[in-house]
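Residue numbering restarts at 1 for every chain, and letters A, B, ... go by the order of the sequence lines.
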Amino acid sequence: GAGVSQSPSNKVTEKGKDVELRCDPISGHTALYWYRQSLGQGLEFLIYFQGNSAPDKSGLPSDRFSAERTGGSVSTLTIQRTQQEDSAVYLCAGGASYYGYTFGSGTRLTVV
Amino acid sequence: QKEVEQNSGPLSVPEGAIASLNCTYSDRGSQSFFWYRQYSGKSPELIMFIYSNGDKEDGRFTAQLNKASQYVSLLIRDSQPSDSATYLCAVIRGTSYGKLTFGQGTILTVHP
């Protein structure tokens with residue numbers, strides 16, 4: 001594809017439900033990052049992948065959060081038993097250090 | 001100490017002036033440095049990256065890196081109202097991969 005694609009663009013879910021957020025990076029992006037951004041705040045690191053492995057998952061807020069990446073390509077971030085404090089924009093970025101990282105448009109998650 | 005710190009701002013400059021955005025980082029092993037621009041409601045957009053000490057110029061933008069002082073800056077010449085945005089500094093330790101850490105961002109306003 002032409003850029004990093006995230007889906008859905010918007011998700012409204014009821015408290016306690018599980019959600020899956022998808023990131024489809026540009027072909028060849030070896031590294032893939034997930035961040036969270038609350039309104040008016042900075043980027044909060046969640047996890048990053050190098051290929052299919054996750055060398056650093058230190059930013060995942062709790063064990064309700066998990067992520068995987070398959071085939072060195074698509075990544076899914078899963079939030080179980082969503083809480084209202086999970087409401088934020090979830091951003092995915094892919095690339096490499098020698099040419100930079102491109103962000104997707106994000107998924108706006110609202111937990112009601 | 002935060003891993004990546006930016007001048008808190010907000011920074012306001014008149015149209016046509018030079019805007020100077022500053023960033024310091026704590027990890028002396030950091031190798032790659034990036035500047036992103038984020039408009040309100042949008043995802044971050046890569047505008048510059050730099051790896052070597054010194055200056056790197058791209059159009060109206062100049063990135064400056066001083067690894068000894070652990071300092072990276074972004075200069076925007078001939079600032080335009082369309083440059084009004086939040087500017088994010090990002091740092092990565094590895095030369096090919098690693099955790100991409102962002103500063104909190106500096107809000108820049110260019111007034112006519």
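Centroid-to-centroid, the aromatic rings of F34(B) and Y101(A) come within less than 6.0 Å. Taking the six-membered ring where the residue is Trp, the centroids of F33(B) and Y25(B) are separated by under 6.0 Å. Checked against a 6.0 Å centroid threshold, the rings of Y33(A) and F103(A) do not count as neighbours.
Within the 4.5 angstrom heavy-atom criterion, only side-chain atoms of L88(B), from C-beta onward, approach chain A. Interface remark: E44(A) contributes no atoms to any contact with chain B (heavy atom separation under 4.5 Å).
Smallest separation of non-hydrogen atoms from W34(A) and S75(A): NE1-OG, 2.9 Å.
Separation of atoms NZ (K57(A)) and NZ (K99(B)) is listed at 14.5 Å; rounding is to 0.5 Å.
Scanning residues 44-68 of chain B against chain A with a 4.5 Å non-hydrogen threshold yields P44(B), L46(B), F49(B), Y51(B), sorted by number.
Heavy-atom contacts from other residues, nucleotides or ligands closer than 6.0 Å to CD of E14(A) number 12 or fewer.
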Report task. Applying side chain to side chain donor-acceptor pair (under 3.5 Å), run through Q37(A) and Q38(B) and close with a yes or a no. Result -> CA-CA 12 Å; Q37(A) 190 171 37; Q38(B) 187 176 26; 2.8 Å; yes
